[in-house]
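Have a look at the structure below, then the notes.
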Number of protein chains: 2
Amino acid sequence: MARATATPSPGILPPDEHADLEDFVGYNLKRAYVIVDADFRRALGEDGLAPRVFSALSLIVHTPGITQSDLARRLGIERSGLVAIADELEARGFVMRKPVPGDRRVQALMPSAAGKAAYLEALETVRAHEASLLASLSSDEVETLVALLKKIRRIGE
Amino acid sequence: MARATATPSPGILPPDEHADLEDFVGYNLKRAYVIVDADFRRALGEDGLAPRVFSALSLIVHTPGITQSDLARRLGIERSGLVAIADELEARGFVMRKPVPGDRRVQALMPSAAGKAAYLEALETVRAHEASLLASLSSDEVETLVALLKKIRRIGE
DNA sequence: TATTGTTATACTCTATAACTATA
DNA sequence: TATAGTTATAGAGTATAACAATA
């Protein structure tokens with residue numbers, strides 16, 4: 001089990017370093033993310049909401065009147081990156097930019113009725129996608145996974 | 001559990017749908033991935049190996065002579081995407097493309113001595129990065145997390 | 001001075017399609 | 001016909017830096 005020499009023979013890696021990649025959180029995180037992301041996009045369809053647009057719409061529906069800067073902060077992206085997302089939601093008729101009396105710099109993001117309806121429909125699709133994709137995990141396992149991921153998210157705050 | 005009405009009141013979302021985003025595996029996966037990925041890059045430095053290059057080097061060191069096509073499959077990316085990675089590793093002097101007698105289409109990827117050394121050094125840096133970043137998780141939690149992520153990875157096979 | 005929304009710009013990662021040389 | 005490596009190209013997603021309007 002333990003190796004006799006401290007220095008590896010040339011060209012030979014010690015046993016502990018044989019499956020390193022597979023043990024890293026980062027590598028597994030990335031590989032798992034790619035699978036879930038691809039299935040999300042497939043579920044929402046060619047012309048459906050991209051994950052980040054769905055996330056933005058979710059926060060706007062749950063927090064009507066949120067500003068772009070606040071939304072960007074909540075999503076963990078830059079202000080500038082949010083412009084295209086807001087543009088798309090506005091072009092789809094799901095969200096309106098509304099001037100805020102008292103501060104003429106900001107524009108409140110307001111969900112339209114169509115936006116709320118589209119969100120609830122997408123929400124069901126996303127739920128179905130996760131339920132079906134993750135069917136091999138018990139609900140306890142999913143709960144544990146989400147809790148551990150949140151723990152990592154808290155590190156970044 | 002069940003809601004009394006099938007149609008939500010206009011503008012009002014039912015209680016179950018208030019924190020939906022936070023409960024999705026996909027959303028938490030993405031947010032956690034962004035944090036770990038950023039810390040990896042910071043740890044390896046400006047001119048250090050990017051995550052995907054580190055992963056490729058790891059597999060080449062552990063599987064000397066692997067072909068580009070096989071490596072791409074192992075990493076879950078396209079053949080074409082691997083060219084730039086192999087180019088970079090070759091430019092750094094870490095890997096050599098070696099013709100294979102018997103099949104002149106393929107080129108085996110062979111780690112150089114410098115490549116092996118650079119890998120072992122990067123490996124320690126990556127281990128330190130994960131240990132320090134994930135210090136708020138117990139080793140049991142990390143183990144559980146990796147096991148659950150692998151379970152998701154198995155879905156994509 | 002600081003903040004909001006915006007534009008311009010560039011970079012990373014990835015995919016698709018087509019090519020060539022082999023098999 | 002099929003596969004390996006390659007190139008060209010395009011599309012997400014993101015970041016940085018700057019700007020005008022406003023606070």
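Here the structure is a predicted model, which means the values were calculated and not measured. Excluded from the calculations below are hydrogen atoms, water molecules and symmetry mates; all remaining heavy atoms, backbone and side chain alike, are included.
The listed nucleotides are D:dG5, C:dA21, C:dT6; the one nearest the side chain of B:V106 is D:dG5. The nucleotide whose nearest atom lies closest to any side-chain atom of A:T67 is, among D:dA4, C:dG5, D:dA8, C:dG5. Listed nucleotides D:dT6, C:dT7, C:dT4 differ in distance to B:Q68; the shortest reach to its side chain belongs to D:dT6. Among the nucleotides C:dT16, C:dA23, D:dG5, the one closest to any side-chain atom of B:E78 is C:dT16. Which of C:dG5, D:dG5, D:dG13 sits closest to the side chain of A:Q107 comes down to C:dG5. Of the candidate nucleotides D:dT14, C:dG5, D:dG5, D:dT14 has the atom nearest to the side chain of A:R52. With distances taken from any side-chain atom of A:R79 to the nucleotides D:dA17, C:dT4, C:dA17, the minimum falls on C:dT4. Side chain of B:I77, nearest nucleotide from D:dG5, D:dA8, C:dT14: C:dT14. Nearest nucleotide to the side chain of B:D103, out of C:dA23, C:dG5, C:dC13: C:dA23.
In this structure, A:R42 places its CZ atom 19 Å from P of D:dA12, rounding to the nearest Å. Separating the CG atom of A:D37 from the P atom of D:dG13 is a distance of 8 Å, rounded to the nearest angstrom. Nucleotide C:dC13 holds its P atom 15 Å from the CZ atom of A:R31, rounded to whole Å. Spacing between atom CZ of B:R104 and atom P of D:dA4 amounts to 16 Å, rounded to whole angstrom units. Rounding to whole angstrom units, CG of residue A:L71 and C1' of C:dT4 are separated by 14 Å. Atom-to-atom, OH of B:Y33 to P of C:dT12 comes out at 14 Å; the value is rounded to the nearest Å. Rounded to an integer number of Å, the gap from CZ of B:R105 to P of D:dA2 is 13 Å. The separation between A:L82 atom CG and C:dT7 atom C1' is 15 Å, rounded to whole Å.
A distance of 9.5 Å separates CD in B:E124 from CG in A:D20, rounded to the nearest 0.5 Å. Rounded to the nearest 0.5 Å, atoms CD1 (B:I155) and CZ (B:R153) are 12.0 Å apart.
For an aromatic pair to be called close, the ring centres must be under 6.0 Å apart, and B:H129 with A:F24 fails this.
Using the six-membered ring where Trp is involved, A:Y33 and B:Y33 have ring planes that are parallel, under 30° apart on the 30 and 60° scheme.
Contact annotation: A:K30 side-chain N/O to C:dT12 OP1/OP2 distance is not under 4.0 Å. Using a 4.0 Å cut-off, no side-chain N or O of B:R41 falls inside it from OP1 or OP2 of C:dC11. One finds no side-chain N or O of B:S80 lying less than 4.0 angstrom from the OP1 or OP2 phosphate oxygen of D:dA8. Contact between the side-chain N/O atoms of A:K98 and the OP1/OP2 oxygens of C:dG5 is not found at any separation under 4.0 Å.
Residue contacts for B:A50: at a heavy-atom cut-off of 4.0 Å it reaches the sugar-phosphate backbone alone, with no base atom in range.
Checked against A:Q68 for a side-chain hydrogen bond (donor to acceptor under 3.5 Å, both in side chains), the options A:Q107, A:R97, A:R73, A:R79 give a single hit: A:R97.
Using a 4.5 Å cut-off on side-chain heavy atoms (C-beta onward), B:L145 and B:L148 make no contact.
Taking the nucleotide of DNA chain C with the nearest heavy atom to each of A:R97 and A:V34, the more 5' of the two is matched to A:R97.
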